[in-house]
Amino acid sequence: MSRQRLAGPLMDDAGTWGEMLQKYEASKKTRPLPDEAYAKPARVTAQQKAVEAARYNPVLQTFNDSSMETTAKVREAEMVVRHLNHARDRQIASESTFDILSMRDKRTGLQATAPSASAPSDRPRVANQELPAFRHPLDSCYAYNIISGLSLAEHSYKPPDARPKLADTLEVTKPRLQSVANLPRDYDVLSGKYVDSHDDKMKLERQIDRRRAAHKYWETHDYNAFTCEFYDPAKEAGQRALEAKRMSERPMKSFNRLPPSLQKGEGYVYDITTHSVKDEALNEKKKVAEQRFFDSKKDTWERDIHVRERGIQHSDLQEQRALNRGSYNRYAEAYGNGYSIIDHRDYAREAPPPARVALPSSLWSTLRPDGGMSNTVRSGGFQRVNAP
């Protein structure tokens, strides 16, 4: 065993080879965890799981064991009290600390904390600054609470030290509140007319009454259930036009709900027997689709035709070149005797087939009357073409 295989955190501080082997052997024989970690898990039987399942009754919402049920009830009661107390503390902290009806401190029974020495003192209040002031003709101006009848020094929403300092006996006379009866009247009940602008106001009232009557009339007279018509002629005409438009669009909507395979069928466009068009819109739509298909394939078809024509021309050229590669002497040897050497036919009475190979051109045949050369030359495949 090499030293490199034994290298590790336990072998680095070994002084000798033997000590390293001893530590390696001890690490292989000693478990790193206690024996409880390698213990076999306890076997759970079906009976134990059934007992656990039957511990709580889901119908009665109670434990079958009376002691467990009592403990659960006590714990639930304690949790309810704890939550209610916590909610009450939050309410007192965010709302007024005094009851607005009994004016008792809501924190009664709680130990008040001593004020801090470093806390700033309250601002000096002006004497009787909490006295109610006459703010509105119809507002209360009493110096006592109108619910309990006590003075503001005894019954107020503020704590006792912040309440107004008032005398024990209040001698406040009841002020005369301003009412509508004391205001100047706009209508004279004796003459039955308005004091100012009687005709204009009556005209305005008639318009208001007419609009109110029309509004109440149309609230209950919108649709006649007996004649099945709207009372308003304009609304009835608009509804008729809307129904006619819906009826005209209904066939197309029904057609669009069909499967795509049926929508593309020709039987909905024209009669396959008489070829009479059933639906002009579908027929026009089908023609547009066909024309769109032809337009998309036009370039491809023209390109195919051009390629096919070029192929035919190339094939004819190759065939002619193959014929031109043959010698004219073969034709002359076969038919130059004037008769057939096989069946002795006389070519004077029965003309032989024409030669498919052109005669070889000579210098005299290429000359022109004007002294120049002919513009017909041979190509590599014995094909006569015109010179440029």
**Student:** Parallel, tilted or perpendicular, judged at 30° and 60°: which one describes the rings of Tyr331 and Tyr335?
**Tutor:**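 Rings of Tyr331 and Tyr335: tilted, as their planes differ by 30° to 60°.
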**Student:** Check whether Met252 and Val277 end up in the same hydrophobic cluster, where Ile, Leu, Val, Met, Phe, Trp and Tyr are linked by side-chain heavy atoms less than 4.5 Å apart.
**Tutor:**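 Result: no, two separate clusters.
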**Student:** Could you see if Phe255 belongs to whatever hydrophobic cluster contains Val269? Use Ile, Leu, Val, Met, Phe, Trp, Tyr and a side-chain cutoff under 4.5 Å.
**Tutor:**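 Both belong to a single hydrophobic cluster.
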**Student:** Would you compute the distance between atom NE2 of His221 and atom NZ of Lys216 and round it to the nearest 0.5 angstrom?
**Tutor:**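 Those atoms lie 13.5 Å apart.
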**Student:** Would you call Glu290 and Lys287 a salt bridge, using N to O less than 4.0 angstrom?
**Tutor:**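 Here Glu290 does not pair with Lys287 in a salt bridge, since their nearest N and O are not under 4.0 Å apart.
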**Student:** Among side-chain atoms of Asp316 and Gln320, is any donor-acceptor pair under 3.5 angstrom?
**Tutor:**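 Absent: no donor and acceptor within the cut-off.
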**Student:** Quiz question: by atom type and distance under 3.5 Å, do the side chains of Tyr223 and Glu229 form a donor-acceptor pair?
**Tutor:**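 No, no side-chain donor-acceptor pair sits under 3.5 Å.
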**Student:** Hydrophobic cluster membership, with links at side-chain heavy-atom distances under 4.5 Å among I/L/V/M/F/W/Y: are Val44 and Val51 in one?
**Tutor:**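 Result: no, two separate clusters.
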**Student:** I'd like to know whether CD of Glu52 has more than 12 heavy-atom contacts from other residues, nucleotides or ligands below 6.0 angstrom.
**Tutor:**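 Yes, the 6.0 Å shell around CD holds more than 12 heavy atoms from other groups.
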**Student:** Judged by atom type as modelled, is there a donor-acceptor pair below 3.5 Å linking the side chain of Asn337 to the main-chain atoms of Tyr339?
**Tutor:**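 It does not hold such a pair.
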**Student:** Any salt bridge between Arg240 and Glu236, counting N to O under 4.0 Å?
**Tutor:**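 Looking at Arg240 and Glu236, the cut-off is met.
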**Student:** With salt bridge (charged side-chain N to carboxylate O under 4.0 Å, His left out) as the test, would you mind laying out the steps for Arg246 and Glu243 before giving the verdict?
**Tutor:** CA-CA 5 Å; Arg246 290 177 180 175; Glu243 290 293 336; 3.6 Å; yes
**Student:** Should the heavy atoms of other residues, nucleotides or ligands under 6.0 Å from CD1 of Ile272 be counted, would the total exceed 12?
**Tutor:**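 No, CD1 of Ile272 has 12 or fewer neighbouring heavy atoms, counting only those of other groups under 6.0 Å.
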**Student:** Between Glu25 and Lys28, is there a salt bridge with N-O shorter than 4.0 Å?
**Tutor:**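 No, no charged N to carboxylate O under 4.0 Å.
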**Student:** How many angstroms lie between OH in Tyr217 and CG in Asp222, if you round to the nearest 0.5 Å?
**Tutor:**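 It is 10.5 Å, given to the nearest 0.5 Å.
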**Student:** Please check if the side chain of Lys278 supplies one atom and the backbone of Asp271 the other of a donor-acceptor pair under 3.5 Å.
**Tutor:**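 Checked: no pair found.
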**Student:** Hydrophobic clustering (ILVMFWY, side-chain heavy atoms < 4.5 Å, transitive) - are Met202 and Leu190 grouped together?
**Tutor:**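 Cluster IDs for Leu190 and Met202 match.
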**Student:** Count the heavy atoms belonging to other residues, nucleotides or ligands that lie under 6.0 Å from CD1 of Ile342, then report whether that count exceeds 12.
**Tutor:**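 Open: at most 12 neighbouring heavy atoms sit under 6.0 Å from CD1 of Ile342.
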**Student:** Should the heavy atoms of other residues, nucleotides or ligands under 6.0 Å from CD1 of Ile208 be counted, would the total exceed 12?
**Tutor:**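 For Ile208, atom CD1 is crowded (more than 12 foreign heavy atoms under 6.0 Å).
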**Student:** Would Arg212 and Asp209 satisfy salt bridge (charged side-chain N to carboxylate O under 4.0 Å, His left out), going step by step from the backbone distance to the final call?
**Tutor:** CA-CA 5 Å; Arg212 186 183 296 111; Asp209 294 339; 3.0 Å; yes
**Student:** Kindly say whether Pro58 contributes a backbone atom to a donor-acceptor pair with the side chain of Gln61 at under 3.5 angstrom?
**Tutor:**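 Indeed, once roles are kept as given, a pair shorter than 3.5 Å links the two residues.
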**Student:** Could you tell me whether Asp295 and Arg292 have a side-chain N and a carboxylate O separated by less than 4.0 Å?
**Tutor:**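 Judged by the 4.0 Å cut-off on N to carboxylate O distance, Asp295 and Arg292 do not form a salt bridge.
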**Student:** Determine, stepwise, if the pair Arg321 / Leu317 fulfils side-chain contact (heavy atoms from CB on, under 4.5 Å).
**Tutor:** CA-CA 6 Å; Arg321 287 178 177 178; Leu317 178 60; 3.6 Å; yes
**Student:** Under the ring pair (Phe, Tyr, Trp, His ring centres under 6.0 Å) definition, can you give me all pairs with a residue in residues 276-318, not counting sequence neighbours?
**Tutor:**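 Residue pairs with at least one partner in residues 276-318: there are none.
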**Student:** Spell out, as yes or no, whether a donor-acceptor pair under 3.5 Å connects the side chain of Tyr56 to the backbone of Asn64.
**Tutor:**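 No.
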**Student:** side-chain contact (heavy atoms from CB on, under 4.5 Å) between Lys253 and Arg257: does it pass, once the steps are laid out?
**Tutor:** CA-CA 6 Å; Lys253 290 182 179 180; Arg257 285 194 293 266; 4.1 Å; yes
**Student:** Does Ser67 offer a backbone N or O that forms a donor-acceptor pair with the side chain of Thr71 under 3.5 Å?
**Tutor:**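 Here the side-chain-to-backbone pair exists.
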